[in-house]
2 protein chains.
Amino acid sequence: MLEEKPYHHGDLRRGLLDAALRVIAEGGVAGLTLREVARQAGVSHNAPYHHFADKAALVAALVDEGFTQFAQTMQFAYDAAEGSALDKMVCIGVAYVQFAMNHPAQFRLMFRPELRASDQCLPLQAHKTYETSSGFDVVIRALQAAQREGLVAEGDTEHLALAAWSTVHGLADLILDGNRNIASTTEEALALARVTVEIMVQGLAKRP
Amino acid sequence: MLEEKPYHHGDLRRGLLDAALRVIAEGGVAGLTLREVARQAGVSHNAPYHHFADKAALVAALVDEGFTQFAQTMQFAYDAAEGSALDKMVCIGVAYVQFAMNHPAQFRLMFRPELRASDQCLPLQAHKTYETSSGFDVVIRALQAAQREGLVAEGDTEHLALAAWSTVHGLADLILDGNRNIASTTEEALALARVTVEIMVQGLAKRP
DNA sequence: ATACATATCTTGACAGTGTCCACATCGATG
DNA sequence: CATCGATGTGGACACTGTCAAGATATGTAT
């Protein structure tokens, strides 16, 4: 059953999303073009408009998928981590950077507000704000657990979580968008992430 | 001497750079358009090409200016800081975030590689890589001073500096690009920066 | 099954963009 | 003053996002 290029694509929405990720992977976020996405998906330049209101809506869908995958990754890392609550903090921190390395296209999109400036991107309302998306919740819960175990001083958990978040987010951003000579391989990036996160967690830890 | 709109602008290069910053401030990085910049500067859509090879070159010039201002800001903050080497670390960390709040357009540009993808952006070669630009050097020197005073454990200074850099960079990025509800005013942002940086510096500090 | 309604895809058009080209104008230098 | 290079203008091209109108396939009601 060779692909006879039927008039109807089957699941063009999915095809467009995948094509968009491919385009970003090849040409970067700047090279993301609706027409190029349509070309890669093998349809006319206007077909996407039957699945997305505009370019921003397509991006919004990718961002939405990204945040969902991201939350799952963080939750999985937290569940799989062993050791003390602080050890778990280190693990989810490294998982954050690893997600950025494994899904650079989604990661870049997720934190680029100028690309998702469409008012009608409904799926994003589910996240309300990105910082309070469930990925952030995992950090909050990990910190609360550490506080319960007496490993982290009581205090504004939101502030502590923001500090931890900032550290891994900044590192991921610098590695991805800053020049590549910070870390040229994923292994190198993860090693840096571990060192960096351990310092931050040390800062969060309660003094004896 | 009312502006008679002479044929020659006087310093169009400067005018274009200022216009570009204005455009970004109004419409964000995505709204930065060569033609709009020319319009704001009051010249034809092609005049910029006599001062910049292409759009990326204009952005590169802005980035270059940004890194220069940034390095000065960091150096000044370091020199003006009082107290121990750790106190100075906190000060330059807050200064980092403050720079991002005061110069959001430049800051966004500085860490957006897709916008400066011009091969012939010569002025950037002076910085070689952004991480080793003199702004980063200030962090390195501050850490070395802290190590000399015995406040920070000996070790790979580059790694420690990257951790500190990541934290403030991530925070600035989240505040600027992530939704504004993290911090709605500059004062709020600086307060968050202080809390966050103190945690990171605590992590860098040597245990007794 | 036949006819209609709907979802999907296509072609064509328009304004706006970055960039190249040829031409116009100014300022300095012989 | 004549000339030349630097600076600015207008027009053109391919490309983009988006809208409008028409074509085709799928599903549903009779």
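These numbers come from a predicted model, not from an experiment. Each chain gets a letter, A, B and so on, in the order its sequence line appears, and its residues count up from 1.
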Taking atom P of C:dC26 as reference, at what distance in whole Å does atom CG of B:Asp11 sit?
-> 19 Å

Closest to the A:Lys55 side chain: D:dT18, D:dT9, C:dC20?
-> D:dT18

Please report the closest heavy-atom contact between B:Ile24 and B:Val29, naming both atoms and the distance.
-> CG2-N, 4.1 Å

Taking only side-chain nitrogens and oxygens of B:Arg35, does any of them come within less than 4.0 Å of OP1 or OP2 of D:dG10?
-> no

Please answer whether the main-chain N or O of B:Leu32 pairs with a side-chain N or O of B:Lys55 as donor and acceptor at a distance below 3.5 Å.
-> yes

B:Tyr49 OH to D:dA12 P: how many Å, rounded?
-> 18 Å

Grab the two heavy atoms, one from A:Ser166 and one from B:Leu174, that are nearest each other, plus how far apart they are.
-> OG-CD1, 4.0 Å

With a non-hydrogen cut-off below 4.0 angstrom, is A:His51 in contact with a base, only sugar-phosphate, or nothing?
-> sugar-phosphate

What's the CZ-P distance between B:Arg39 and D:dG10, to the nearest Å?
-> 13 Å

Does any N or O in the side chain of A:Gln106 come within less than 3.5 Å of the main-chain N or O of A:Val63, such that one atom is a donor and the other an acceptor?
-> no

Could you check which of C:dG12, D:dG8, D:dG17 has an atom nearest any side-chain atom of A:Thr33?
-> D:dG17

C:dC21, D:dC19, D:dT18: which one has an atom nearest the side-chain heavy atoms of A:Asn46?
-> D:dC19

Atom CG of B:Leu16 to atom C1' of C:dG18: distance rounded to whole Å?
-> 15 Å

By nearest-heavy-atom nucleotide on DNA chain D, the more 5' of A:Glu36 and A:His50 is A:Glu36

Under-3.5 Å donor-acceptor pair between A:His45 side chain and C:dG12 base | yes

Exam field: side chain A:Thr185 to backbone A:Glu188, donor-acceptor pair closer than 3.5 Å = yes

Interatomic distance, B:Asp54 CG vs D:dA14 C1' [rounded to whole Å] | 17 Å

To the nearest Å, how far apart are A:Phe52 CZ and C:dT8 C1'?
-> 14 Å

For the side chain of A:Leu34, starting at C-beta, report the closest nucleotide among C:dT11, D:dG17, D:dG8.
-> D:dG17

